[in-house]
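Single-structure report; data block below.
This one's a predicted model, so the numbers in the text were calculated from it and none came from an experiment. Order of the sequence lines sets the chain letters (A, B, ...), proteins ahead of strands, with each chain counted from 1.
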There are 2 protein chains.
Amino acid sequence: MDTTDLVYRADCPSRIVLDQIADKWSMMVLEVLREPQRFNAIKRRLDGVTQRVLTQTLRKLERNGMVHRKVLDGRVLGVEYSLTHIVKYLQGPFSILFDWTLGNIEAIQECQRKYDEQDE
Amino acid sequence: MDTTDLVYRADCPSRIVLDQIADKWSMMVLEVLREPQRFNAIKRRLDGVTQRVLTQTLRKLERNGMVHRKVLDGRVLGVEYSLTHIVKYLQGPFSILFDWTLGNIEAIQECQRKYDEQDE
DNA sequence: CGGGATCCAGGATGATACTG
DNA sequence: CAGTATCATCCTGGATCCCG
């Protein structure tokens, strides 16, 4: 281990952050929450996520101060989620990542085909 | 489901890409490989990764055309990994993400403390 | 050096039912 | 609406041993 590689050290606090947000659902939630959304609205947009996993993901992001949870007052229960200010800064990079996946998907799938063909 | 939300649909190819790279080790490998590195060099820099998981991660990235695997000729076995050109475009956003974790770690840990204090 | 093969435990996840 | 609780299952990941 090179001690100058702080971000890669297991005991570096930033690694703990990466452990938290560097997963598929967290990234997609952060992208969806460009606009504040209610629980079921988020769930509907993230095709395939279960309510259990979405709840866990939101709790994790809330714990890390990246998402704000607000109980709406009204006759029926309603909860709105939104991004906190510290995480809004990441929206640019995230958008680039999403755009990149769309722009490179064909090249990637071609690579997958070639890779899978080798000694099938 | 809003059909305009292509990137969030389970059957959208880009989701498959996110499934592949949106995880902790993949992101760190892509960051480490700014400079081409040999297997054990990568392993040493990524504190805590096991050789098995690193191998799997590299294979996955190679399959998706993001990492190039090159067997070096010499008396002993040597393998060098490097980034392919399509993924180099992501280095900017990745660096921002890494810098962000370092810059916001204190605020985040403060949020964690507050969150954990609630009704301990 | 750079892995592959195997075994195994623990955590993540899906399905389902229930609730303030 | 927005969750919690429980259970069965699956899969990841760690540990270990071996190999060209």
Side-chain angles (χ1 to χ4, degrees), chain A residues 1 8 10-11 15-16 18-29 32-33 35-64 67-82 115-116 118-120, chain B residues 1 10-11 15-16 18-29 32-33 35-64 67-82 115 118-120:
Chain A
M1 282 294 305
Y8 305 124
D11 60 348
R15 269 280 295 269
I16 300 170
L18 259 188
D19 289 353
Q20 301 290 312
I21 67 168
D23 70 276
K24 184 179 72 171
W25 294 123
S26 292
M27 308 250 293
M28 283 196 279
V29 165
V32 167
L33 286 186
E35 304 292 332
Q37 307 270 334
R38 296 179 55 167
F39 184 85
N40 277 335
I42 302 172
K43 186 170 181 302
R44 271 190 299 275
R45 296 189 68 184
L46 294 186
D47 191 16
V49 74
T50 62
Q51 130 265 74
R52 184 177 191 269
V53 171
L54 180 56
T55 298
Q56 290 174 341
T57 302
L58 287 167
R59 291 283 176 280
K60 201 174 57 177
L61 292 173
E62 186 193 357
R63 177 171 183 273
N64 286 280
V67 156
H68 178 64
R69 180 178 184 273
K70 177 183 176 185
V71 179
L72 305 171
D73 30 320
R75 285 171 296 101
V76 288
L77 177 58
V79 178
E80 187 185 74
Y81 290 93
S82 55
Y115 185 93
D116 294 342
Q118 303 171 94
D119 52 53
E120 48 263 43
Chain B
M1 283 295 304
D11 60 348
R15 269 281 293 267
I16 300 169
L18 260 188
D19 289 351
Q20 302 288 313
I21 67 168
D23 70 274
K24 185 179 68 171
W25 293 123
S26 292
M27 308 252 291
M28 284 196 278
V29 165
V32 167
L33 285 185
E35 305 293 332
Q37 307 270 332
R38 297 181 51 168
F39 185 86
N40 277 334
I42 304 172
K43 186 170 181 302
R44 272 190 298 275
R45 296 188 67 183
L46 295 186
D47 190 18
V49 74
T50 61
Q51 140 260 77
R52 183 180 191 265
V53 171
L54 180 55
T55 298
Q56 290 174 342
T57 302
L58 287 167
R59 291 283 175 280
K60 201 174 58 177
L61 292 172
E62 186 192 356
R63 178 171 182 270
N64 286 280
V67 156
H68 179 63
R69 180 177 185 274
K70 178 182 176 187
V71 179
L72 306 172
D73 30 321
R75 286 171 295 103
V76 288
L77 178 57
V79 180
E80 186 185 74
Y81 292 92
S82 56
Y115 185 92
Q118 303 171 89
D119 53 52
E120 50 264 43

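- In plain terms, the two heavy atoms of B:G78 and B:R38 that are nearest each other are CA-NH2, 3.4 Å.
- What separates CG of A:L72 from P of D:dG3 is a distance of 11 Å, to the nearest Å.
- Atom CG of A:L54 and atom P of D:dC1 are 14 Å apart (whole Å).
- Residue A:Y81 places at least one side-chain N or O under 4.0 Å from the OP1 or OP2 atom of D:dG3.
- Checked by atom type and distance alone, the side chain of B:K43 never pairs as donor or acceptor with a backbone atom of B:Q51 at under 3.5 Å.
- When the local axes at the two ends of the helix from C:dC1-D:dG20 to C:dG20-D:dC1 are compared, using 5 base pairs at each end, they differ in direction by 60° after rounding to 10°.
- Side-chain contact between B:K60 and B:V29 is absent, with no heavy atoms from C-beta onward closer than 4.5 Å.
- For D:dT4, one of the phosphate oxygens OP1 or OP2 lies less than 4.0 angstrom from a side-chain nitrogen or oxygen of A:R59.
- Atom pair B:E80:CD and C:dC1:P shows a separation of 16 Å (rounding to whole Å applied).
- Taking CH2 of B:W25 as the start and OG1 of B:T50 as the end, the distance is 8.5 Å to the nearest 0.5 Å.
- C:dG14 atom P lies 11 Å from atom NZ of A:K43, rounded to whole Å.
- One finds a side-chain N or O of A:R38 lying less than 4.0 angstrom from the OP1 or OP2 phosphate oxygen of D:dA2.
- At a threshold of 4.5 Å between non-hydrogen side-chain atoms, the residues A:N64 and A:I21 do not count as touching.
- Remark: A:R15 pairs with no residue by the side chain to side chain donor-acceptor pair (under 3.5 Å) rule, at least two apart or across chains.
- Take B:R59 and apply the side-chain contact (heavy atoms from CB on, under 4.5 Å) test, not counting sequence neighbours, and it matches A:Y115, B:T55, B:E62, B:R69, B:Y81.
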Might you list the N or O atoms of the protein lying below 3.5 Å from N or O atoms in nucleotides 13-20 of chain D, with each pair's distance?
unit_1	atom_1	unit_2	atom_2	d
D:dG13	N7	B:R52	NH1	2.5
D:dG14	OP2	B:T50	OG1	3.3
D:dG14	O6	B:R52	NE	3.3

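- Nucleic acid contact for A:R75: none, since no nucleic acid atom lies under 4.0 Å from a heavy atom of the residue.
- Scanning for side-chain contact (heavy atoms from CB on, under 4.5 Å) contacts around A:Q37 gives A:V32, A:L33, A:E35, A:A41, A:I42, A:R45, with sequence neighbours left out.
- Out of C:dG3, D:dT4, D:dA2, the shortest distance to the side chain of A:N40 is found at D:dA2.
- Between the CG atom of B:D73 and the P atom of C:dC1 there is a distance of 18 Å, given to the nearest Å.
- Among the heavy atoms of the strands, none lies under 4.0 Å from B:V76.
- The separation between B:D19 atom CG and C:dA12 atom C1' is 15 Å, rounded to whole Å.
- Rounded to an integer number of Å, the gap from CG of B:D23 to P of D:dC11 is 17 Å.
- With sequence neighbours left out, the side chain to side chain donor-acceptor pair (under 3.5 Å) criterion links A:D19 to B:K24.
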